[in-house]
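For reference, the structure discussed in these notes is given below.
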Amino acid sequence: MVTTSEHLNPKHVAIWRVTQLIPLGKVATYGQVADLAGLPGRARMVGKALGLVPESGWQGNNVPWYRVINSQGRISLPVGSDAFERQRQSLMEEGVIVNNGRIALKTFLWQPALSELLFDLDY
DNA sequence: GCCCTGACTCTCA
DNA sequence: CTGAGAGCCAGGG
């Protein structure tokens, strides 16, 4: 069992679960993840939650936090920072092109079909 | 409760 | 496209 006595915020967990649905090679925006997690208007909370993702993943699966970017299609981390570089590299490794911290949403934004959501996010 | 902070977002110039 | 401003909502002090 995971004896991590961390104070798990159920909202953070909901955010991690939605993040795990973002397919490899695609990205989603903070606002998009917030909406799908049932937390409209809380995009800033998504950033907070992703910063707290357990290194070991969640429920046996990894949480691709690096697939979440801002609505402008840009990486929302301090340019040049360690975290920024990790995100940029992770995305590039799976085929997402990052130019000067910018990603073409036209090409890489995750646009799930309603049927897909109904299946994964058991309502 | 008030004030401030932040991996956000929208609007407008 | 870029920047400033305002709006937004949890958390923490």
Side-chain angles (χ1 to χ4, degrees):
Chain A
M1 69 183 197
V2 188
T3 52
T4 50
S5 58
E6 51 193 321
H7 343 142
L8 286 179
N9 181 322
K11 292 172 186 167
H12 290 177
V13 172
I15 288 167
W16 297 339
R17 280 166 53 69
V18 169
T19 300
Q20 293 178 316
L21 300 179
I22 306 171
L24 183 154
K26 288 291 180 181
V27 298
T29 67
Y30 294 94
Q32 184 181 2
V33 172
D35 288 344
L36 294 179
L39 301 167
R42 268 143 291 189
R44 311 187 76 142
M45 184 181 223
V46 174
K48 173 70 172 178
L50 294 182
L52 298 175
V53 168
E55 190 58 52
S56 52
W58 176 244
Q59 299 284 290
N61 298 297
N62 292 317
V63 180
W65 56 272
Y66 55 82
R67 291 181 190 151
V68 183
I69 61 180
N70 67 36
S71 63
Q72 269 183 100
R74 315 206 304 122
I75 287 179
S76 282
L77 287 168
V79 182
S81 69
D82 234 42
F84 177 97
E85 276 311 309
R86 283 204 302 284
Q87 179 162 21
R88 187 186 65 68
Q89 190 177 309
S90 297
L91 287 173
M92 292 297 277
E93 284 175 4
E94 48 184 61
V96 175
I97 300 173
V98 184
N99 269 321
N100 296 309
R102 301 198 263 93
I103 293 129
L105 294 180
K106 229 13 187 24
T107 305
F108 303 106
L109 182 66
W110 176 39
Q111 298 174 310
L114 178 57
S115 58
E116 181 184 342
L117 292 176
L118 291 175
F119 181 78
D120 293 324
L121 302 173
D122 46 72
Y123 280 125

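Chain naming here is simple, since letters A, B, ... match the order of the sequence lines and numbering starts at 1 in each.
Under a cut-off of 6.0 angstrom, the local environment of NZ in A:Lys48 is sparse, with at most 12 non-hydrogen atoms contributed by other residues, nucleotides or ligands. More than 12 heavy-atom neighbours from other residues, nucleotides or ligands sit within 6.0 angstrom of CD on A:Glu116.
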(Q) I need a per-nucleotide contact map over nucleotides 2-13 of chain C, read 5' to 3'. Cutoff is protein heavy atoms under 4.0 Å; write B for the base, S for backbone only, - otherwise. (A) S----BBSSS--

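In this structure, the separation between CG on A:Leu24 and CD on A:Glu93 is 10.5 Å, given to the nearest 0.5 Å. The structure places CD1 of A:Ile22 at 7.0 Å from CD of A:Gln32, a figure rounded to the nearest 0.5 Å.
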Can you list, pair by pair, the side-chain donor-acceptor contacts under 3.5 Å of residues 103-111 of chain A, counting residues two or more places apart and other chains?
none

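For the pair A:Thr19/A:Pro64, a side-chain contact is recorded, criterion being any heavy-atom separation below 4.5 Å from C-beta on. Using a 4.5 Å heavy-atom cutoff, the side chains of A:Ile15 and A:Val18 are not in contact. For the pair A:Glu94 and A:Tyr66, the minimum side-chain heavy-atom distance is below 4.5 Å.
The span of DNA chain B lying next to chain A, judged by atoms under 4.0 Å from heavy atoms, is bounded 5' to 3' by B:dG6 to B:dC10.
In this structure A:Gln72 satisfies the side chain to side chain contact (heavy atoms under 4.5 Å, CB included) test together with A:Asn70, A:Arg74, sequence neighbours excluded.
If you check residues 60-70 of chain A against DNA chain B, the residues with a heavy atom closer than 4.0 Å are A:Trp65, A:Asn70, listed by number.
Counting only residues at least two apart or in different chains, salt bridge (Lys or Arg N to Asp or Glu O under 4.0 Å) contacts with residues 79-92 of chain A comprise A:Asp82-A:Arg86, A:Glu85-A:Arg88.
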